[in-house]
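Since the structure comes first, as structure tokens, the remarks are kept for the end.
Since we're looking at a predicted model, the values are computed, not measured. Numbered from 1 within each chain, the chains take letters A, B, ... in sequence-line order.
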Amino acid sequence: MENILHVYNTISKRKEIFQPLRPPFVGMYVCGPTVYGDGHLGHARPAITFDLVFRYLQHLGYKVRYVRNITDVGHLENDADDGEDKIAKKARLEQLEPMEVAQYFTDRYHLNMDQLNVKRPSIEPLASGHIIEHIEMIKKILEKEFAYVINGSVYFDVKKYNDAYAYGKLSGRILEDLLSNTRVLEGQDEKHNSYDFALWKKAQPEHIMRWPSPWSDGFPGWHAECSAMSAKYLGNHFDIHGGGMDLLFPHHESEIAQSQIANNCEPCKYWMHNNMITINGQKMGKSLGNFITLNDFFTGKHPSLEKAYSPMCIRFFILQAHYRSTLDFSNEALLAAEKGLKRLMQGIETLQKITSSATSSSDISKLSANCYEAMNDDFNSPIVIANLFEGLRIINAVNDGKESISAIDLESLKNLYTTFVFEILGLTNETENNQFEIMDGLMQMVLSFRQQAKTNKDYATSDNIRNELTKLGIVVKDGKDGSAWSLE
RNA sequence: GGUAUCGUGGCCGAGCGGCUAGGCACCGGUCUGCAAAACCGGCUACAGCGGUUCGAAUCCGCUCGAUACCUCCA
């Protein structure tokens, strides 16, 4: 079967055949985190979504350069009255260097991503390390007179751009509507029009993070960083640009405009956007009391969590939904995911033990084809998982002696699970650890004692052993061919 | 109000015009000293109202509802 990958392109609103600009190379840029707080679900979903894309493209044999930035400059506090830098504000409050704060949260972000088994990108550029590139890009836009300077700040002239190109083509917006829908704001009198956006902002006196530029001591505008850094590492026109749906407007819209003027072309061929996450049907927000960080999930410390959920449980849960669907988190849903994942992992352990026969009673190649078909259809991981569960049924049936599998099919089935579960979906078996062998040896001994008691019909002893093990979190499972054990 | 995405069984979630999604929960059964696991079977939905069609969860329109964005910050 041929692998023809289809990707949903936000800009055309349809699935398109994925054809890289310069095969076998693929350039992918994804908007990364702003490092001024702990990672939460809003970080996990895009990271895992594009990790899946990254992994699958690599699996298909593409040489992927995956760039994901760290935003560590120019953030204004939401409720700040004087527009001061988010990082600078926190830094002053805590008596830390701004870069110390950025470094601290960058490290914590990396730790969380490692826990979720999200592969590190090929390049992870810092916005603060690319001020020169920002300035050069802004210069180009000024030269072409699609921007203007006021009081040391530089703004992009959206109206002029819209006359030549179509501003709003990605998000389906029309400039006139934007005007009529914009509230009258105080302090925005610098801009010619409310929809113009900053390329460079002059720093207020209290700003700590600032850089010299031809226009003022200041910092780059938000949209500038992604355009400057993606062009630097992937070229002016690359394959995939990804991010959350919340970034569609104005961020990505403005990136298109900037790149069009600065580089004479749109930044990328395919736009991919993951959908948002809700918690119990509500959006996540600090004011709603349901703001849950990734560490909260891993430790179970948040009041609205009934228990801790492991990183793999979170990853599996996210992969059980298609990336373009909204996804609702609840204890019940996470519990279901946890059990499903456990069953999947135990099935894979069973797979290593089953023996082959002369013939197969199931069509393994069909299973494999289904998995590829699902991935090729815009990375449909839930369908892949459904097929893996179907395979589980076969594995267990063979293990029970109710079905058979040939040596060749057994090999390809093992291959299938290794490839899809571990390599592509990026799941890991968390119950595995290096003490397993010692544990298992101990357990085999205990179980043999128990078996002896059972042979003697001394069920009080055998039940007692089982109960004591249960207290330790070890589950004993009696089968036809003896007993097995697992950690609860 | 505008733009976008969506509204599926007890819960989570696939589905892209006709054919079983899948997981979890629940209820039977097989197996088992008991239990668990595993297996077999059951539960069988598509927000509402119209329309297109031989046929719609799937296409179109309207209504209701949800989430994000539409402003400063990123």
Side-chain angles (χ1 to χ4, degrees), chain A residues 10 13-15 31 33-36 71-81 83-87 127 168 170-174 176-178 180-188 194-195 198 201 221-223 225-226 244-251 253 273 275-278 281-284 316-317 320-322 324-341 343-344 346-347 350 370 374 377 380-390 392-393 395-397 399-403 454 457 459 462-463 466-467 470 475-480 483-484 486:
Chain A
T10 314
K13 294 186 180 58
R14 66 178 67 164
K15 286 178 194 169
C31 295
T34 303
V35 282
Y36 68 92
T71 296
D72 59 350
V73 297
H75 296 242
L76 295 178
E77 195 79 11
N78 219 349
D79 46 3
D81 12 61
E84 78 186 299
D85 193 300
K86 256 180 192 166
I87 289 172
L170 179 65
S171 55
R173 268 156 235 255
I174 297 162
E176 288 77 56
D177 295 345
L178 288 176
S180 59
N181 284 320
T182 302
R183 281 172 270 166
V184 184
L185 277 181
E186 63 297 338
Q188 279 317 107
S194 56
Y195 42 65
K201 286 275 270 188
W222 170 33
H223 317 308
E225 65 174 280
C226 291
M245 239 171 223
D246 52 334
L247 299 176
L248 217 45
F249 187 89
H251 185 48
E253 200 70 73
H273 292 93
N275 214 319
M276 309 312 290
I277 273 170
T278 54
Q282 269 193 317
K283 68 171 174 177
M284 187 171 77
F316 184 68
F317 182 66
Q320 259 190 317
H322 185 80
R324 283 191 288 114
S325 298
T326 52
L327 179 61
D328 188 52
F329 272 69
S330 62
N331 278 292
E332 206 177 356
L334 284 169
L335 237 36
E338 188 176 57
K339 286 187 185 174
L341 177 62
R343 203 158 81 83
L344 178 63
Q346 288 189 345
T350 305
N370 286 347
D377 185 13
N380 201 326
S381 53
I383 299 277
V384 172
I385 291 170
N387 278 288
L388 292 172
F389 275 109
E390 173 59 22
L392 231 52
R393 195 194 55 74
I395 292 168
N396 287 322
N399 191 44
D400 280 3
K402 287 173 182 158
E403 289 197 28
K454 283 178 73 174
K457 301 219 186 280
Y459 296 121
S462 69
D463 285 0
R466 188 176 61 194
N467 290 340
T470 306
V475 184
V476 176
K477 295 176 262 191
D478 289 350
K480 268 182 284 193
S483 303
S486 68

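Rounded to the nearest Å, the gap between the P atom of B:C31 and that of B:U44 is 28 Å. Comparing B:U63 with B:G29, their C1' atoms sit 47 Å apart, to the nearest whole Å. With both ends at atom C1', the span from B:A38 to B:U32 equals 12 Å, rounded to whole Å. One P atom belongs to B:A45, the other to B:C64, and the distance between them is 28 Å to the nearest Å. A distance of about 28 Å separates the P atoms of B:C12 and B:G50, rounded to the whole Å. Spacing of C1' atoms, B:C49 relative to B:G7, comes out at 16 Å, to the nearest Å. Comparing B:C24 with B:G33, their C1' atoms sit 31 Å apart, to the nearest whole Å. One P atom belongs to B:A47, the other to B:C40, and the distance between them is 31 Å to the nearest Å.
Within the 4.0 angstrom heavy-atom criterion, base atoms lie near A:D463. Among the protein residues, A:T10 comes within range of no part of the nucleic acid, since none of its heavy atoms lies under 4.0 Å from any strand. At a threshold of 4.0 angstrom between heavy atoms, the contacts of A:A386 include nucleobase atoms, whether or not backbone atoms are also involved. Among the protein residues, A:L327 comes within range of the sugar-phosphate backbone only, with heavy atoms under 4.0 Å from sugar or phosphate atoms but none that close to a base. Residue A:D478 is classed as a base contact, given a heavy-atom separation below 4.0 Å to a base. Among the heavy atoms of the strands lying under 4.0 Å from A:H322 are primed sugar atoms or P, OP1, OP2 only; no base atom is included. Using a 4.0 Å heavy-atom distance criterion, A:N387 is classed as making no nucleic acid contact.
Within the structure, every side-chain polar atom (N or O) of A:N331 is placed at least 4.0 Å from both OP1 and OP2 of B:C12. At B:C16, none of the side-chain N or O atoms of A:K15 fall inside 4.0 Å of OP1 or OP2 (strictly under the cut-off). Using a 4.0 Å cut-off, no side-chain N or O of A:R14 falls inside it from OP1 or OP2 of B:C16. Side-chain nitrogen and oxygen atoms of A:T350 include none within less than 4.0 Å of the OP1 or OP2 phosphate oxygen of B:A38. Of the side-chain N and O atoms in A:R173, none sit less than 4.0 angstrom from OP1 or OP2 of B:G2. OP1 or OP2 of B:C24 sits under 4.0 Å from a side-chain N or O of A:R343. For A:N396 and B:C39, the shortest distance from a side-chain N or O to OP1 or OP2 is below 4.0 Å.
Among B:A4, B:U67, B:A36, the nucleotide with an atom closest to any side-chain atom of A:K13 is B:A4. Here B:A38 is the nucleotide among B:G13, B:U67, B:A38 with the atom lying nearest to any side-chain atom of A:D400. When the nucleotides B:G33, B:A25, B:C12 are ranked by their closest atom to the side chain of A:D328, B:C12 comes out on top. Closest contact between the side chain of A:F317 and the listed nucleotides B:A14, B:C12, B:A25 involves B:C12.
We find the CZ-OG1 distance between A:R343 and A:T350 to be 10.5 Å, quoted to the nearest 0.5 Å. Interatomic distance, CD of A:Q282 versus OG of A:S330, reported as 13.0 Å (0.5 Å rounding). Here A:N370 contributes atom CG and A:N380 contributes atom CG; the two are 11.5 Å apart, rounded to the nearest 0.5 Å.
Pairing partner, B:C46: none, since no Watson-Crick or wobble contact has both distances short of 3.5 Å. Nucleotide B:C59 forms a Watson-Crick or G-U wobble pair with B:G51, both donor-acceptor distances falling under 3.5 Å. When both distances must be under 3.5 Å, the Watson-Crick or G-U wobble mate of B:G33 does not exist. Checking B:U67 for Watson-Crick or G-U wobble geometry (two distances, each under 3.5 Å) identifies B:A4 as its partner.
When the nearest nucleotides of RNA chain B are assigned to A:L341 and A:K454 by heavy-atom distance, the more 5′-ward of the two goes with A:L341. If A:A397 and A:A336 are placed on RNA chain B by their nearest nucleotide, the residue sitting closer to the 5' end is A:A336.
Rounded to an integer number of Å, the gap from NE2 of A:H251 to P of B:U3 is 24 Å. Taking atom CZ of residue A:F249 and atom P of nucleotide B:A4, one finds them 13 Å apart after rounding to whole Å. Between the CD atom of A:E338 and the P atom of B:C12 there is a distance of 18 Å, rounded to whole Å. Put simply, NZ on A:K477 is 19 Å from P on B:C34, counting in whole angstrom units. Nucleotide B:C70 holds its C1' atom 13 Å from the CG atom of A:D246, rounded to whole Å. Note: CG (A:N399) to C1' (B:C40) measures 16 Å, nearest angstrom. Rounded to whole Å, atom P of B:C24 lies 12 Å from atom CD of A:Q346. Rounded to whole Å, the distance from CG on A:N370 to C1' on B:G15 is 14 Å.
Looking at heavy atoms from C-beta onward, A:L327 lies in side-chain contact with A:F317 at the 4.5 angstrom threshold. With a 4.5 Å cut-off on side-chain heavy atoms, A:L335 and A:E338 count as touching. Looking at A:Y195 and A:P250, their side chains never come closer than 4.5 Å, going by heavy atoms from C-beta outward. Here the side chains of A:L170 and A:T10 are in contact, with some heavy-atom distance below 4.5 Å.
Note: A:H251 and A:H223 have tilted aromatic rings, judged against thresholds of 30 and 60 degrees for the angle between ring planes.
Although no hydrogens or angles enter the test, the distance criterion places no donor-acceptor pair under 3.5 Å between the side chain of A:Q320 and the main chain of A:A337.
Residue A:F389 and nucleotide B:G23 are not classified as a stacked aromatic pair, given the requirement of ring centres less than 5.5 Å apart at an interplanar angle below 30°.
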